[in-house]
Structure formats: structure tokens, C-alpha cells
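Contents: one structure, followed by commentary.
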Amino acid sequence: MEIGMSTSSHGRLLRRPEVYFTCEQALTACAQGGFPVINLDFIEYSKPGQPMRAVGWEDWCRRQRETADRLGLEVSYAHAPFYAWRPDQPEGDALYEELIRRSIRGAGILGVTQMVFHPGSAGDENGYSRRASLERNLRFYRRYGALCAQEGILPCIENMMAFSDGQPKYGASVEELLELYEALGEGFGICWDFGHAHMAGIDSCGALREIGKRLCMLHLNDNFGEHDDHLAPCFGTIDWTPVMQTLREIGFKGDLVFENFTFFDGLPESLRVSAMKLCYAVGCYLRGLMEGEGEVFSGAAVS
């Protein structure tokens with residue numbers, strides 16, 4: 001089991017809205033922080049003015065592969081671009097479809113083995129509809145699942161949380177997540193985002209037991225139960241000890257992949273590698289909990 005970091009953690013500087021660092025710089029910072037495994041975030045690099053929208057996007061992906069190889073990094077994971085349609089949005093956006101296609105092809109160039117896609121939400125004349133959401137997601141995932149299969153990539157469905165305006169969001173519940181997974185059949189996996197679950201008030205331990213062997217990927221991040229803060233684990237209010245013990249209980253064999261870009265966004269450049277090293281140390285601590293080692297708090301400190 002390795003500890004991975006998302007390239008989005010080295011994206012913005014001093015909370016500026018634009019992507020400040022290049023992907024090559026992000027890969028370098030992750031390597032300097034000690035992370036051997038990378039989750040390449042195509043969300044960031046598919047925004048206006050970014051390389052996945054440029055003519056030479058395939059060459060750009062090859063350069064990232066060369067950089068990762070030079071640094072000794074495994075780009076095992078990727079995150080597909082946004083995406084998530086709301087109940088009032090029509091189906092079929094040519095730009096979005098092309099960016100998804102490019103990201104899947106780019107992930108193949110990079111050697112990615114698992115790629116996360118967010119489920120979307122659809123509606124009918126009465127607003128949000130679970131049935132319409134399932135049907136639309138099936139069309140979405142089957143289409144892109146076929147492209148992933150051509151690249152040797154396992155597409156993974158990620159759990160969601162409610163929209164900020166309180167509207168339901170398909171895939172926020174374990175029931176919906178498994179409903180979509182079972183309807184799709186073989187060739188898919190599930191990614192569990194702990195921050196999304198915490199915001200939705202879902203018990204991750206119970207959810208992980210329900211998901212069981214269908215769990216293929218993790219997004220480790222923390223918050224205070226109110227906003228999708230994407231903090232580093234142990235910097236919010238998630239209790240990580242039972243979470244890690246549950247992962248051991250269900251026999252999870254994947255990597256611990258961090259997705260905590262907001263934790264880094266306000267830092268100056270001079271502190272970012274130090275923060276990366278801290279996150280890697282947190283990852284080692286969590287891995288120790290999973291393996292039955294390290295500190296466990298149960299009312300009194302023990303070793």
C-alpha cells in the first residue's frame with residue numbers, strides 16, 4: 001500500500017483563483033514531499049487556458065509521463081473533468097464530451113489504471129428525479145466506460161454530497177452509489193470520498209462495510225461537516241482511527257490517495273514542500289493505524 005497525492009494540491013497560490021503552478025511543478029513538489037503515487041487531476045488542466053484545451057494536448061500528456069518517469073512517480077490515478085450536470089441542465093455538451101474523451105486518452109498515455117468520474121443529477125417536470133438520474137448516469141458511464149476499457153483503465157464512481165442550495169445530488173447515498181454500480185455490471189469500481197461523506201452526515205465505516213470488495217479507490221480529505229474544505233486528514237473532525245480499522249476489516253488493498261488542495265491553497269511557495277512532507281507523514285500515520293500500529297485514542301493516550 002502506497003500513499004498518493006493529487007496534482008491539484010500544488011495548483012493555486014495564496015488563494016488566487018487561477019491555476020498558478022504547471023503540472024510538471026506539481027509532480028516535482030509531490031516527489032519532493034515523498035509521495036510515490038500520483039492522482040492527476042484533469043479538472044484543473046481542462047479549464048479555459050489550460051493545456052487539455054490546447055491543440056497539442058496529447059504531447060502535453062506525454063511530457064507529464066516523461067516528467068513522472070524521471071521523478072520515479074507512478075501516475076496510477078486520475079480524476080475526470082467537471083462535469084456534473086444539475087437537474088435543470090440539458091444532456092449533451094460538445095465541449096464537455098470532448099474534454100472527457102481527451103482526459104481518458106490522456107490518462108491512458110500517463111499509465112493510469114483507475115479514473116474517477118462524478119455521477120450527475122437529472123430531473124423531470126417535478127425537479128430532481130432519482131430514476132432520471134440513474135438512467136442518465138447509465139448512459140454516461142457506459143459511454144465513457146467503453147473508452148476507459150480501450151485504455152486499460154478502471155472507471156470509478158465517486159460518492160457525492162448535496163448541492164450547496166440543498167438540492168439532492170445523485171450518488172450521495174450508499175444506496176444510490178450501489179444502485180448505479182450494480183446496474184452497470186462488471187468493469188467499474190467505487191471511489192469513496194471521506195469529505196463528501198462527512199458533509200452528507202454519512203457514517204463512512206458503515207458505508208465501507210456495505211461497499212466491501214467493490215471499493216477500489218479512496219479520496220482522503222477532511223472537513224468540519226459543513227463545507228467541502230478538502231483539508232488534510234486529521235485537520236477536520238473526521239475520526240480516522242475507526243475509518244482505517246474498517247478499511248483493514250474489509251480487506252482494502254489499494255493506495256491511500258490524498259485529495260486536499262484547499263489545505264495548500266493559501267500557502268506561499270516557500271512552505272509548500274514542507275506541507276507536502278507533513279501530509280506524507282499523516283499518510284504514514286494513517287497507514288500505521290490501518291496496519292494495527294501507532295497511536296490509538298480511546299479516552300487515554302496509549303502507544
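No hydrogens, no waters, no symmetry mates; every other heavy atom, side chains included, goes into these values. FYI, the numbering just counts along the sequence from 1. A quick note: this is a predicted structure, and the numbers were derived from the prediction, not measured.
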Does [X] use its side chain to pair, donor to acceptor, with the backbone of [Y] at less than 3.5 Å?
| X | Y | value |
| --- | --- | --- |
| Thr237 | Asn223 | yes |
| Arg62 | Ile109 | no |
| Ser46 | Leu99 | no |
| Asp41 | Ser8 | no |
| Arg12 | Pro17 | yes |
| Asn137 | Gly120 | yes |
| Arg136 | Ser133 | no |
| Asp222 | Gly236 | yes |
| Ser129 | Asp124 | no |

Check the surroundings of atom CD in Glu24: do more than 12 heavy atoms from other residues, nucleotides or ligands lie under 6.0 Å from it? yes
Electrostatic pair [X]-[Y], nearest N-O below 4.0 angstrom:
| X | Y | value |
| --- | --- | --- |
| Lys47 | Glu18 | no |
| Glu269 | Arg272 | no |
| Glu98 | Arg102 | yes |
| Arg105 | Glu58 | yes |
| Arg65 | Asp69 | yes |
| Glu135 | Arg130 | no |

Under 6.0 Å between ring centres, would you say that holds for His219 and His79? yes
What about the rings of Trp57 and Tyr45, do their centers lie closer together than 6.0 Å? no
Between His230 and Glu259, is the side-chain contact (heavy atoms from CB on, under 4.5 Å) condition met? List the steps. CA-CA 7 Å; His230 282 274; Glu259 192 189 51; 3.1 Å; yes
In short, Ala197 meets Asn159 closest at the heavy-atom pair N-ND2, 3.7 Å
I want to check something: taking the side chain as every heavy atom from C-beta on, are [X] and [Y] in contact at a cut-off of under 4.5 Å?
| X | Y | answer |
| --- | --- | --- |
| Thr22 | Gln50 | no |
| Thr7 | Asn39 | no |
| Gln114 | Ile153 | no |
| Ser173 | Glu176 | yes |
| Leu184 | Ile157 | yes |
| Cys23 | Arg63 | no |
| Leu71 | Leu27 | yes |

Just do the side-chain contact (heavy atoms from CB on, under 4.5 Å) check on Val282 and Phe258 with the steps written out, would you? CA-CA 10 Å; Val282 171; Phe258 280 43; 4.2 Å; yes
Nearest 0.5 Å, please: how far is CG in Asp193 from CG in Leu220? 9.0 Å
What distance separates Met276 CE from Phe263 CZ, expressed to the nearest 0.5 Å? 10.5 Å
Linking I/L/V/M/F/W/Y whenever any side-chain heavy atoms sit under 4.5 Å apart, do Met290 and Met5 land together? yes
hydrophobic_cluster_shared for Phe194 and Phe224, side chain cutoff 4.5 Å: yes
Does the plane of the ring in Phe117 sit parallel, tilted or perpendicular to the ring in Phe140? Use 30° and 60° as the thresholds. perpendicular
